[in-house]
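Scroll down for the structure; my scribbles are underneath it.
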Amino acid sequence: MKKFGDRKDGRRVRDLTGMAQISIDLKPNRCDSDVYINQKMDLTELVKYVNRKKSEGMDLTYFPAFVMAIGKTFYNRPRLNYFVANRHVFEHNDVVISFVAKVTFEDKSEQMMIMIPIEPEDTLETVSKKIKDKVSGIRDKKDKKEGANNAIDTLGKLPNIIRVPLMGIFKWLDQKGKLPASLVKDNLYYSSIIVSNLGSIKCGAIYHNINDFGTCSSLATMGEIKKEEIITSDGKRELRDLCEFGINFDERVADGYYFAKSIKYIQYIFDHPELLEERADTVINIEEKHVKEKKTSRINPKLKEYVEREIFPEYEKNDKGHDINHIVQVLKRSFALSKQLEDINLNMVYVIAAFHDIGHHINIKEAIEDHRSSLEGEPRTIYGKLISSADKTPDLKTMVTRTRAYSMKHFKEMTEDEMFEREFNHLNEKFGSEGYAKCYIKDEEYEAFLNDMKEILSDIEKYKEYYVEITKE
(Lines give C-alpha, C1' and ligand atoms only; values in the text may rest on other atoms or scores of the structure.)
Protein backbone atom coordinates (compact mmCIF):
# COMPACT_ATOMS: atom_id res chain seq x y z
CA MET A 1 0.00 0.00 0.00
CA LYS A 2 1.31 3.44 -0.94
CA LYS A 3 2.30 5.57 2.04
CA PHE A 4 2.94 9.27 2.47
CA GLY A 5 6.34 10.10 1.00
CA ASP A 6 6.29 7.27 -1.56
CA ARG A 7 6.65 8.00 -5.25
CA LYS A 8 4.61 6.52 -8.06
CA ASP A 9 7.71 4.59 -9.18
CA GLY A 10 9.14 3.66 -5.78
CA ARG A 11 8.58 3.10 -2.06
CA ARG A 12 10.35 5.32 0.48
CA VAL A 13 13.03 3.52 2.52
CA ARG A 14 12.53 4.69 6.09
CA ASP A 15 15.10 2.74 8.10
CA LEU A 16 18.27 4.51 6.94
CA THR A 17 21.20 4.85 9.34
CA GLY A 18 22.47 8.30 10.21
CA MET A 19 25.66 7.66 8.23
CA ALA A 20 23.65 6.69 5.13
CA GLN A 21 21.62 9.90 5.28
CA ILE A 22 24.66 12.10 5.87
CA SER A 23 26.45 10.52 2.89
CA ILE A 24 23.55 11.66 0.70
CA ASP A 25 23.79 15.20 2.10
CA LEU A 26 27.54 15.26 1.47
CA LYS A 27 27.18 13.90 -2.06
CA PRO A 28 23.71 14.84 -3.35
CA ASN A 29 24.54 13.94 -6.95
CA ARG A 30 24.58 10.35 -8.21
CA CYS A 31 27.50 10.91 -10.56
CA ASP A 32 29.63 12.04 -7.58
CA SER A 33 28.87 8.76 -5.77
CA ASP A 34 29.83 6.45 -8.62
CA VAL A 35 31.77 3.34 -7.57
CA TYR A 36 33.24 1.18 -10.35
CA ILE A 37 34.13 -2.51 -10.12
CA ASN A 38 35.98 -4.23 -12.95
CA GLN A 39 36.13 -7.99 -12.65
CA LYS A 40 36.64 -11.00 -14.87
CA MET A 41 33.81 -13.46 -14.37
CA ASP A 42 34.27 -17.18 -14.98
CA LEU A 43 31.66 -18.25 -17.52
CA THR A 44 32.99 -21.76 -18.18
CA GLU A 45 29.89 -23.50 -16.83
CA LEU A 46 27.57 -20.99 -18.49
CA VAL A 47 29.23 -21.58 -21.88
CA LYS A 48 28.67 -25.32 -21.48
CA TYR A 49 25.08 -24.72 -20.45
CA VAL A 50 24.30 -22.45 -23.41
CA ASN A 51 25.90 -24.92 -25.84
CA ARG A 52 23.86 -27.75 -24.34
CA LYS A 53 20.63 -25.77 -24.62
CA LYS A 54 21.41 -24.94 -28.24
CA SER A 55 21.99 -28.63 -28.98
CA GLU A 56 18.57 -29.32 -27.45
CA GLY A 57 16.99 -26.89 -29.91
CA MET A 58 16.69 -23.78 -27.73
CA ASP A 59 17.44 -20.48 -29.47
CA LEU A 60 19.63 -19.00 -26.75
CA THR A 61 22.42 -16.41 -26.59
CA TYR A 62 24.52 -15.20 -23.69
CA PHE A 63 22.82 -11.82 -23.32
CA PRO A 64 19.49 -13.18 -21.96
CA ALA A 65 21.51 -15.32 -19.54
CA PHE A 66 23.35 -12.19 -18.34
CA VAL A 67 20.04 -10.34 -17.93
CA MET A 68 18.41 -13.20 -16.03
CA ALA A 69 21.44 -13.66 -13.74
CA ILE A 70 21.40 -9.95 -12.89
CA GLY A 71 17.62 -10.01 -12.38
CA LYS A 72 17.87 -12.96 -9.95
CA THR A 73 20.64 -11.13 -8.08
CA PHE A 74 18.45 -8.03 -7.72
CA TYR A 75 15.68 -10.15 -6.17
CA ASN A 76 18.18 -11.72 -3.76
CA ARG A 77 19.96 -8.44 -3.01
CA PRO A 78 17.08 -5.90 -2.78
CA ARG A 79 19.23 -2.89 -1.89
CA LEU A 80 20.61 -3.03 -5.43
CA ASN A 81 17.15 -1.85 -6.48
CA TYR A 82 17.30 1.32 -4.35
CA PHE A 83 17.72 4.80 -5.76
CA VAL A 84 18.24 8.30 -4.34
CA ALA A 85 16.00 11.19 -5.36
CA ASN A 86 15.54 14.59 -3.68
CA ARG A 87 17.89 13.42 -0.86
CA HIS A 88 15.66 10.46 0.03
CA VAL A 89 16.16 6.73 -0.67
CA PHE A 90 13.47 4.73 -2.47
CA GLU A 91 13.08 1.15 -3.63
CA HIS A 92 11.87 0.59 -7.19
CA ASN A 93 8.41 -0.95 -7.42
CA ASP A 94 9.72 -3.43 -9.99
CA VAL A 95 12.96 -4.96 -11.24
CA VAL A 96 13.52 -3.56 -14.73
CA ILE A 97 16.64 -4.11 -16.83
CA SER A 98 17.25 -1.79 -19.76
CA PHE A 99 19.58 -1.59 -22.74
CA VAL A 100 19.99 0.19 -26.06
CA ALA A 101 19.50 -1.62 -29.37
CA LYS A 102 20.40 -0.43 -32.85
CA VAL A 103 17.57 -0.56 -35.37
CA THR A 104 20.05 -1.71 -38.05
CA PHE A 105 23.69 -2.81 -37.87
CA GLU A 106 25.13 0.40 -39.31
CA ASP A 107 27.22 3.22 -37.84
CA LYS A 108 24.50 5.83 -38.39
CA SER A 109 21.66 3.56 -37.34
CA GLU A 110 19.05 4.91 -34.97
CA GLN A 111 19.13 3.61 -31.39
CA MET A 112 16.14 2.65 -29.28
CA MET A 113 15.87 2.30 -25.50
CA ILE A 114 14.44 -1.05 -24.42
CA MET A 115 13.03 -1.90 -20.97
CA ILE A 116 12.69 -5.53 -19.86
CA PRO A 117 10.67 -6.03 -16.64
CA ILE A 118 11.83 -9.09 -14.70
CA GLU A 119 8.72 -10.49 -13.01
CA PRO A 120 9.04 -12.75 -9.94
CA GLU A 121 7.83 -15.77 -11.95
CA ASP A 122 10.15 -15.15 -14.91
CA THR A 123 12.71 -17.77 -15.99
CA LEU A 124 15.51 -17.70 -18.53
CA GLU A 125 13.12 -18.92 -21.21
CA THR A 126 10.54 -16.17 -20.64
CA VAL A 127 13.18 -13.43 -20.33
CA SER A 128 14.87 -14.62 -23.52
CA LYS A 129 11.52 -14.42 -25.32
CA LYS A 130 10.84 -10.91 -23.97
CA ILE A 131 14.18 -9.65 -25.26
CA LYS A 132 13.84 -11.39 -28.61
CA ASP A 133 10.29 -10.12 -29.19
CA LYS A 134 11.19 -6.55 -28.21
CA VAL A 135 14.33 -6.34 -30.35
CA SER A 136 12.78 -8.03 -33.40
CA GLY A 137 9.71 -5.79 -33.08
CA ILE A 138 11.93 -2.71 -33.30
CA ARG A 139 14.12 -4.00 -36.12
CA ASP A 140 11.13 -5.26 -38.13
CA LYS A 141 9.53 -1.86 -37.46
CA LYS A 142 6.46 -3.53 -35.99
CA ASP A 143 6.75 -1.50 -32.78
CA LYS A 144 6.07 2.22 -33.06
CA LYS A 145 8.15 4.75 -31.17
CA GLU A 146 6.55 5.58 -27.86
CA GLY A 147 7.37 7.33 -24.60
CA ALA A 148 10.92 8.60 -24.19
CA ASN A 149 12.03 7.18 -27.55
CA ASN A 150 9.51 9.39 -29.30
CA ALA A 151 9.94 12.41 -27.00
CA ILE A 152 13.70 12.50 -27.52
CA ASP A 153 13.24 12.95 -31.27
CA THR A 154 11.00 15.95 -30.67
CA LEU A 155 12.99 17.56 -27.84
CA GLY A 156 16.35 17.06 -29.52
CA LYS A 157 15.30 19.11 -32.54
CA LEU A 158 14.20 22.16 -30.54
CA PRO A 159 16.44 25.27 -30.57
CA ASN A 160 18.66 25.88 -27.54
CA ILE A 161 16.59 28.83 -26.32
CA ILE A 162 13.62 26.48 -25.82
CA ARG A 163 15.26 23.12 -25.19
CA VAL A 164 17.70 24.14 -22.41
CA PRO A 165 15.14 25.73 -20.01
CA LEU A 166 12.68 22.96 -20.85
CA MET A 167 15.25 20.32 -19.86
CA GLY A 168 15.83 22.25 -16.62
CA ILE A 169 12.12 21.93 -15.81
CA PHE A 170 12.18 18.23 -16.64
CA LYS A 171 15.17 17.65 -14.33
CA TRP A 172 13.38 19.43 -11.47
CA LEU A 173 10.22 17.33 -12.06
CA ASP A 174 12.43 14.24 -12.18
CA GLN A 175 13.78 14.90 -8.67
CA LYS A 176 10.25 15.32 -7.35
CA GLY A 177 9.04 12.17 -9.08
CA LYS A 178 6.55 14.12 -11.16
CA LEU A 179 7.97 13.76 -14.66
CA PRO A 180 5.21 13.15 -17.24
CA ALA A 181 4.57 9.47 -18.00
CA SER A 182 5.39 10.08 -21.67
CA LEU A 183 8.99 10.88 -20.68
CA VAL A 184 9.32 7.96 -18.24
CA LYS A 185 7.95 5.21 -20.48
CA ASP A 186 10.81 3.31 -22.22
CA ASN A 187 13.32 5.63 -20.55
CA LEU A 188 16.33 3.52 -19.56
CA TYR A 189 17.26 6.06 -16.87
CA TYR A 190 14.16 4.86 -15.02
CA SER A 191 15.22 1.23 -14.82
CA SER A 192 16.90 -0.81 -12.07
CA ILE A 193 20.09 -1.22 -14.09
CA ILE A 194 21.34 -0.42 -17.58
CA VAL A 195 23.31 -3.19 -19.30
CA SER A 196 25.47 -3.17 -22.42
CA ASN A 197 26.81 -6.33 -24.05
CA LEU A 198 29.98 -5.06 -25.74
CA GLY A 199 31.14 -8.61 -26.39
CA SER A 200 28.77 -8.69 -29.36
CA ILE A 201 31.08 -6.18 -31.09
CA LYS A 202 34.30 -7.88 -29.86
CA CYS A 203 34.97 -5.17 -27.28
CA GLY A 204 36.01 -5.35 -23.66
CA ALA A 205 34.03 -3.96 -20.72
CA ILE A 206 34.33 -0.19 -20.30
CA TYR A 207 33.74 2.34 -17.55
CA HIS A 208 30.45 4.14 -18.17
CA ASN A 209 29.30 6.67 -15.56
CA ILE A 210 25.80 6.57 -14.12
CA ASN A 211 23.55 9.61 -14.62
CA ASP A 212 22.01 12.15 -12.25
CA PHE A 213 18.80 12.06 -14.24
CA GLY A 214 16.23 9.31 -13.50
CA THR A 215 16.25 6.56 -10.89
CA CYS A 216 18.83 4.10 -12.19
CA SER A 217 21.57 3.45 -9.62
CA SER A 218 23.73 0.96 -11.54
CA LEU A 219 25.16 0.19 -14.94
CA ALA A 220 26.94 -2.91 -16.22
CA THR A 221 29.00 -3.54 -19.34
CA MET A 222 30.07 -7.01 -20.45
CA GLY A 223 33.02 -7.72 -22.73
CA GLU A 224 33.90 -10.55 -25.07
CA ILE A 225 34.12 -14.11 -23.72
CA LYS A 226 37.68 -15.36 -24.12
CA LYS A 227 39.59 -18.48 -23.12
CA GLU A 228 42.33 -17.63 -20.66
CA GLU A 229 44.68 -19.69 -18.56
CA ILE A 230 44.29 -19.29 -14.81
CA ILE A 231 46.02 -20.70 -11.77
CA THR A 232 43.59 -22.67 -9.60
CA SER A 233 43.59 -22.68 -5.80
CA ASP A 234 45.66 -25.88 -5.82
CA GLY A 235 48.31 -24.32 -8.08
CA LYS A 236 47.27 -26.03 -11.32
CA ARG A 237 47.02 -24.27 -14.67
CA GLU A 238 43.58 -24.40 -16.24
CA LEU A 239 41.98 -22.95 -19.38
CA ARG A 240 38.67 -21.24 -18.58
CA ASP A 241 36.08 -19.08 -20.37
CA LEU A 242 36.37 -15.59 -18.85
CA CYS A 243 34.43 -12.41 -19.49
CA GLU A 244 35.25 -8.92 -18.25
CA PHE A 245 32.43 -7.17 -16.39
CA GLY A 246 32.48 -3.46 -15.58
CA ILE A 247 29.82 -2.49 -13.03
CA ASN A 248 28.98 0.96 -11.63
CA PHE A 249 27.01 1.49 -8.43
CA ASP A 250 25.71 4.47 -6.50
CA GLU A 251 27.52 3.92 -3.21
CA ARG A 252 24.87 5.89 -1.30
CA VAL A 253 22.33 3.04 -1.54
CA ALA A 254 24.65 0.37 -0.08
CA ASP A 255 28.23 -0.04 1.10
CA GLY A 256 31.13 -1.71 -0.69
CA TYR A 257 30.71 -4.99 1.17
CA TYR A 258 27.11 -5.29 -0.03
CA PHE A 259 28.15 -4.66 -3.64
CA ALA A 260 31.09 -7.09 -3.48
CA LYS A 261 28.87 -9.83 -2.08
CA SER A 262 26.31 -9.14 -4.81
CA ILE A 263 29.01 -9.77 -7.43
CA LYS A 264 29.57 -13.16 -5.78
CA TYR A 265 25.88 -13.94 -6.27
CA ILE A 266 26.19 -13.27 -10.00
CA GLN A 267 29.30 -15.47 -10.20
CA TYR A 268 27.54 -18.22 -8.24
CA ILE A 269 24.67 -18.19 -10.74
CA PHE A 270 27.15 -18.41 -13.62
CA ASP A 271 28.77 -21.38 -11.89
CA HIS A 272 25.34 -23.02 -11.47
CA PRO A 273 23.48 -21.96 -14.65
CA GLU A 274 20.63 -24.39 -13.99
CA LEU A 275 19.45 -21.76 -11.48
CA LEU A 276 18.48 -19.62 -14.46
CA GLU A 277 15.63 -22.05 -15.11
CA GLU A 278 14.10 -21.29 -11.71
CA ARG A 279 11.86 -18.31 -10.87
CA ALA A 280 13.59 -14.96 -10.71
CA ASP A 281 12.64 -14.52 -7.06
CA THR A 282 14.01 -17.91 -5.94
CA VAL A 283 16.06 -17.43 -2.78
CA ILE A 284 19.73 -18.32 -3.22
CA ASN A 285 21.90 -18.86 -0.15
CA ILE A 286 25.44 -19.04 -1.46
CA GLU A 287 26.96 -19.65 1.98
CA GLU A 288 24.96 -22.80 2.72
CA LYS A 289 25.37 -24.23 -0.77
CA HIS A 290 29.08 -23.51 -0.76
CA VAL A 291 29.57 -25.31 2.56
CA LYS A 292 27.56 -28.30 1.36
CA GLU A 293 29.61 -28.61 -1.83
CA LYS A 294 32.84 -28.20 0.06
CA LYS A 295 31.97 -31.05 2.41
CA THR A 296 31.05 -33.46 -0.38
CA SER A 297 34.13 -32.71 -2.46
CA ARG A 298 36.79 -33.34 0.20
CA ILE A 299 39.42 -35.98 -0.45
CA ASN A 300 41.20 -37.70 2.42
CA PRO A 301 44.33 -35.50 2.82
CA LYS A 302 46.59 -38.47 3.71
CA LEU A 303 45.43 -40.34 0.62
CA LYS A 304 46.01 -37.27 -1.54
CA GLU A 305 49.47 -36.73 -0.09
CA TYR A 306 50.44 -40.38 -0.71
CA VAL A 307 49.23 -40.40 -4.32
CA GLU A 308 51.01 -37.14 -5.14
CA ARG A 309 54.25 -38.38 -3.53
CA GLU A 310 54.33 -42.02 -4.65
CA ILE A 311 52.11 -42.37 -7.70
CA PHE A 312 52.29 -39.17 -9.72
CA PRO A 313 56.09 -39.44 -10.27
CA GLU A 314 55.49 -42.79 -12.02
CA TYR A 315 53.78 -40.96 -14.85
CA GLU A 316 57.07 -39.37 -15.82
CA LYS A 317 57.89 -42.74 -17.40
CA ASN A 318 54.84 -42.62 -19.68
CA ASP A 319 54.50 -41.11 -23.14
CA LYS A 320 53.18 -37.59 -23.54
CA GLY A 321 49.62 -38.77 -24.13
CA HIS A 322 49.51 -40.48 -20.72
CA ASP A 323 51.75 -38.30 -18.58
CA ILE A 324 50.86 -36.35 -15.43
CA ASN A 325 49.08 -33.64 -17.41
CA HIS A 326 46.70 -36.29 -18.72
CA ILE A 327 46.09 -37.60 -15.20
CA VAL A 328 45.31 -34.10 -13.91
CA GLN A 329 42.80 -33.64 -16.74
CA VAL A 330 41.14 -36.99 -16.01
CA LEU A 331 40.92 -36.12 -12.30
CA LYS A 332 39.19 -32.82 -13.06
CA ARG A 333 36.79 -34.43 -15.51
CA SER A 334 36.08 -37.30 -13.09
CA PHE A 335 35.03 -34.94 -10.30
CA ALA A 336 33.00 -32.77 -12.68
CA LEU A 337 31.10 -35.76 -14.11
CA SER A 338 30.65 -37.37 -10.68
CA LYS A 339 28.31 -34.52 -9.69
CA GLN A 340 25.63 -36.29 -11.73
CA LEU A 341 25.94 -39.46 -9.66
CA GLU A 342 24.53 -40.24 -6.24
CA ASP A 343 26.21 -42.29 -3.51
CA ILE A 344 29.58 -42.02 -5.21
CA ASN A 345 32.75 -42.37 -3.14
CA LEU A 346 35.00 -39.49 -4.18
CA ASN A 347 38.04 -41.03 -2.52
CA MET A 348 37.53 -44.06 -4.77
CA VAL A 349 37.10 -41.80 -7.79
CA TYR A 350 40.36 -40.06 -6.92
CA VAL A 351 42.28 -43.31 -6.55
CA ILE A 352 40.97 -44.88 -9.77
CA ALA A 353 41.67 -41.75 -11.82
CA ALA A 354 45.16 -41.45 -10.31
CA PHE A 355 46.01 -45.11 -11.00
CA HIS A 356 44.12 -45.71 -14.24
CA ASP A 357 47.12 -45.63 -16.57
CA ILE A 358 49.60 -47.42 -14.29
CA GLY A 359 48.44 -50.97 -13.47
CA HIS A 360 45.70 -53.47 -12.64
CA HIS A 361 45.51 -54.42 -8.98
CA ILE A 362 43.71 -54.23 -5.67
CA ASN A 363 39.93 -53.43 -5.63
CA ILE A 364 40.06 -51.02 -8.53
CA LYS A 365 41.26 -53.56 -11.09
CA GLU A 366 37.91 -53.75 -12.93
CA ALA A 367 37.53 -49.99 -13.25
CA ILE A 368 41.08 -49.70 -14.58
CA GLU A 369 40.55 -52.51 -17.08
CA ASP A 370 37.17 -51.13 -18.15
CA HIS A 371 38.22 -47.55 -18.90
CA ARG A 372 39.49 -48.27 -22.43
CA SER A 373 37.36 -47.04 -25.33
CA SER A 374 37.96 -50.25 -27.27
CA LEU A 375 36.44 -52.40 -24.52
CA GLU A 376 33.77 -54.79 -25.83
CA GLY A 377 30.60 -54.27 -23.82
CA GLU A 378 30.03 -51.72 -21.06
CA PRO A 379 32.22 -51.23 -17.97
CA ARG A 380 31.12 -53.46 -15.11
CA THR A 381 30.79 -50.78 -12.41
CA ILE A 382 29.73 -47.15 -12.17
CA TYR A 383 33.37 -46.30 -11.38
CA GLY A 384 34.48 -47.93 -14.62
CA LYS A 385 31.87 -45.94 -16.54
CA LEU A 386 32.94 -42.72 -14.78
CA ILE A 387 36.67 -43.13 -15.46
CA SER A 388 36.03 -44.31 -19.02
CA SER A 389 34.03 -41.15 -19.63
CA ALA A 390 36.51 -38.86 -17.87
CA ASP A 391 39.42 -40.42 -19.79
CA LYS A 392 38.00 -39.09 -23.05
CA THR A 393 39.90 -36.08 -24.39
CA PRO A 394 37.32 -33.63 -25.78
CA ASP A 395 39.78 -31.73 -27.96
CA LEU A 396 40.02 -32.20 -31.72
CA LYS A 397 43.59 -30.97 -32.12
CA THR A 398 44.88 -33.10 -29.24
CA MET A 399 43.38 -36.30 -30.62
CA VAL A 400 44.76 -35.73 -34.12
CA THR A 401 48.27 -34.83 -32.90
CA ARG A 402 48.26 -37.72 -30.40
CA THR A 403 47.37 -40.19 -33.18
CA ARG A 404 50.12 -38.69 -35.31
CA ALA A 405 52.68 -39.08 -32.50
CA TYR A 406 51.69 -42.73 -32.07
CA SER A 407 52.30 -43.38 -35.78
CA MET A 408 55.71 -41.71 -35.65
CA LYS A 409 56.74 -43.89 -32.72
CA HIS A 410 55.32 -47.29 -33.72
CA PHE A 411 55.12 -47.20 -37.53
CA LYS A 412 58.40 -45.59 -38.56
CA GLU A 413 58.65 -47.90 -41.55
CA MET A 414 55.52 -46.42 -43.13
CA THR A 415 55.57 -43.69 -45.75
CA GLU A 416 53.94 -40.34 -45.02
CA ASP A 417 50.85 -41.29 -47.06
CA GLU A 418 50.57 -44.66 -45.32
CA MET A 419 50.75 -43.00 -41.91
CA PHE A 420 48.05 -40.51 -42.89
CA GLU A 421 45.77 -43.30 -44.11
CA ARG A 422 46.34 -45.34 -40.94
CA GLU A 423 45.55 -42.36 -38.71
CA PHE A 424 42.43 -41.39 -40.68
CA ASN A 425 41.13 -44.97 -40.55
CA HIS A 426 41.90 -45.29 -36.84
CA LEU A 427 40.08 -42.06 -35.96
CA ASN A 428 37.14 -43.07 -38.15
CA GLU A 429 36.94 -46.45 -36.46
CA LYS A 430 36.94 -44.76 -33.08
CA PHE A 431 35.03 -41.50 -33.64
CA GLY A 432 33.28 -41.83 -37.01
CA SER A 433 29.55 -42.34 -37.55
CA GLU A 434 29.92 -46.00 -36.53
CA GLY A 435 32.72 -45.41 -34.04
CA TYR A 436 33.05 -47.31 -30.77
CA ALA A 437 34.04 -44.32 -28.59
CA LYS A 438 31.22 -43.44 -26.25
CA CYS A 439 30.58 -41.58 -23.01
CA TYR A 440 28.62 -43.31 -20.25
CA ILE A 441 28.06 -40.12 -18.23
CA LYS A 442 26.33 -37.13 -19.86
CA ASP A 443 29.03 -34.72 -20.95
CA GLU A 444 28.09 -31.86 -23.27
CA GLU A 445 31.74 -30.93 -23.83
CA TYR A 446 32.56 -34.42 -25.14
CA GLU A 447 29.36 -34.56 -27.19
CA ALA A 448 30.32 -31.30 -28.92
CA PHE A 449 33.81 -32.68 -29.59
CA LEU A 450 32.33 -35.91 -31.00
CA ASN A 451 30.09 -33.95 -33.37
CA ASP A 452 33.06 -31.89 -34.58
CA MET A 453 35.15 -35.04 -35.05
CA LYS A 454 32.42 -36.83 -37.00
CA GLU A 455 31.97 -33.81 -39.24
CA ILE A 456 35.66 -33.50 -40.11
CA LEU A 457 36.00 -37.27 -40.64
CA SER A 458 33.01 -37.34 -42.99
CA ASP A 459 35.21 -35.93 -45.77
CA ILE A 460 38.81 -37.09 -46.16
CA GLU A 461 39.76 -33.91 -47.99
CA LYS A 462 38.39 -31.78 -45.17
CA TYR A 463 40.30 -33.90 -42.66
CA LYS A 464 43.50 -33.66 -44.73
CA GLU A 465 43.24 -29.88 -44.85
CA TYR A 466 42.92 -29.74 -41.05
CA TYR A 467 45.66 -32.36 -40.63
CA VAL A 468 48.14 -30.39 -42.76
CA GLU A 469 47.29 -27.18 -40.89
CA ILE A 470 47.99 -28.50 -37.38
CA THR A 471 51.03 -30.64 -38.28
CA LYS A 472 52.74 -27.50 -39.57
CA GLU A 473 52.57 -25.92 -36.10
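For this chain, numbers begin at 1 and follow the sequence in order. When reading the values below, keep in mind they use all heavy atoms of this one structure, side chains included, and skip hydrogens, waters and symmetry mates.
Counting only N and O atoms by type, the side chains of N93 and R11 include a donor and acceptor under 3.5 Å apart. In this model, a donor atom of one side chain and an acceptor atom of the other lie less than 3.5 Å apart for D34 and N248. A donor-acceptor contact closer than 3.5 angstrom is absent between the side chains of N451 and E447. With no hydrogens or angles considered, no side-chain donor-acceptor pair links D417 and T415 at under 3.5 Å.
No salt bridge links E228 with R240; every basic N to acidic carboxylate O contact stays at or beyond 4.0 Å. Ion pairing between a basic and an acidic side chain is recognised when a charged N comes within 4.0 Å of a carboxylate O; K53 and E125 show no such pairing. Between K48 and E444 no salt bridge is recorded (no basic side-chain N to carboxylate O distance below 4.0 Å).
Looking at I247 and V35, their side chains never come closer than 4.5 Å, going by heavy atoms from C-beta outward. Counting heavy atoms from C-beta outward, K430 and M399 have side chains that approach closer than 4.5 Å. Under the 4.5 Å side-chain criterion, counting only non-hydrogen atoms from C-beta, Y62 is not in contact with L43. For the pair I382/L341, a side-chain contact is recorded, criterion being any heavy-atom separation below 4.5 Å from C-beta on. You'll find the side chain of V330 stays beyond 4.5 Å of the side chain of F335, heavy atoms only. Within the 4.5 Å cutoff, side-chain heavy atoms of Q39 are placed close to those of M41. Between E251 and D255, the closest side-chain pair of non-hydrogen atoms is not below 4.5 Å. Residues R422 and T403 form a side-chain contact, since some pair of their non-hydrogen atoms from C-beta on lies under 4.5 Å apart.
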CA sep, side-chain torsions, deciding dist, call: V100, S196, side chain to side chain contact (heavy atoms under 4.5 Å, CB included): CA-CA 7 Å; V100 174; S196 178; over 6 Å; no
Verdict with reasoning, M453 to I456, per side chain to side chain contact (heavy atoms under 4.5 Å, CB included): CA-CA 5 Å; M453 183 64 89; I456 200 170; 4.2 Å; yes
Intermediate values then yes/no, side-chain hydrogen bond (donor to acceptor under 3.5 Å, both in side chains), Q267 and D271: CA-CA 6 Å; Q267 180 63 70; D271 289 339; 3.0 Å; yes
Full working for side chain to side chain contact (heavy atoms under 4.5 Å, CB included) between L275 and H272: CA-CA 6 Å; L275 291 172; H272 303 81; 3.9 Å; yes
Verdict with reasoning, R279 to T123, per side-chain hydrogen bond (donor to acceptor under 3.5 Å, both in side chains): CA-CA 5 Å; R279 287 173 54 106; T123 64; over 6 Å; no
Verdict with reasoning, T215 to H92, per side-chain hydrogen bond (donor to acceptor under 3.5 Å, both in side chains): CA-CA 8 Å; T215 63; H92 283 100; 2.9 Å; yes
Criterion side chain to side chain contact (heavy atoms under 4.5 Å, CB included) on Q329 and R333, from CA distance to verdict: CA-CA 6 Å; Q329 181 193 41; R333 284 177 51 76; 4.1 Å; yes
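Between the side chain of N81 and the main chain of Y75, no donor-acceptor pair closer than 3.5 Å is present.
In this structure, F66 has its ring center closer than 6.0 angstrom to the ring center of F245.
Here the straight-line distance linking atom CZ of R52 with atom CG of L60 works out to 11.0 Å at 0.5 Å rounding. K27 contributes atom NZ, which lies 8.5 Å from atom CZ of R252 (distance to the nearest 0.5 angstrom). To the nearest 0.5 angstrom, D250 atom CG is 9.0 Å from S218 atom OG. Separation of atoms NZ (K304) and CZ (F312) is listed at 7.5 Å; rounding is to 0.5 Å. To the nearest 0.5 angstrom, K226 atom NZ is 10.5 Å from L242 atom CG. For the atom pair S98 OG and I194 CD1, the distance stands at 4.5 Å (nearest 0.5 Å).
A cation-pi arrangement is found for R77 relative to Y258, the charged atom lying closer than 6.0 Å to the ring centre and inside a 45° cone about the ring normal.
Ring orientation note: the planes of Y36 and Y207 are nearly perpendicular, at an angle over 60° on the 30°/60° scale. F99 and F63 have perpendicular rings, their planes meeting at more than 60° on a 0 to 90° scale where under 30° would count as parallel. Relative orientation of the Y446 and F449 rings is tilted, given thresholds of 30° and 60° on the angle between their planes. The aromatic rings of H410 and Y406 are tilted relative to each other, their planes meeting at an angle between 30° and 60°.
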Listing, residues 459-466 side-chain donor-acceptor contacts under 3.5 Å, not counting sequence neighbours, or none:
unit_1: D459; atom_1: OD1; unit_2: E461; atom_2: N; d: 2.9
unit_1: Y466; atom_1: OH; unit_2: K397; atom_2: N; d: 3.4

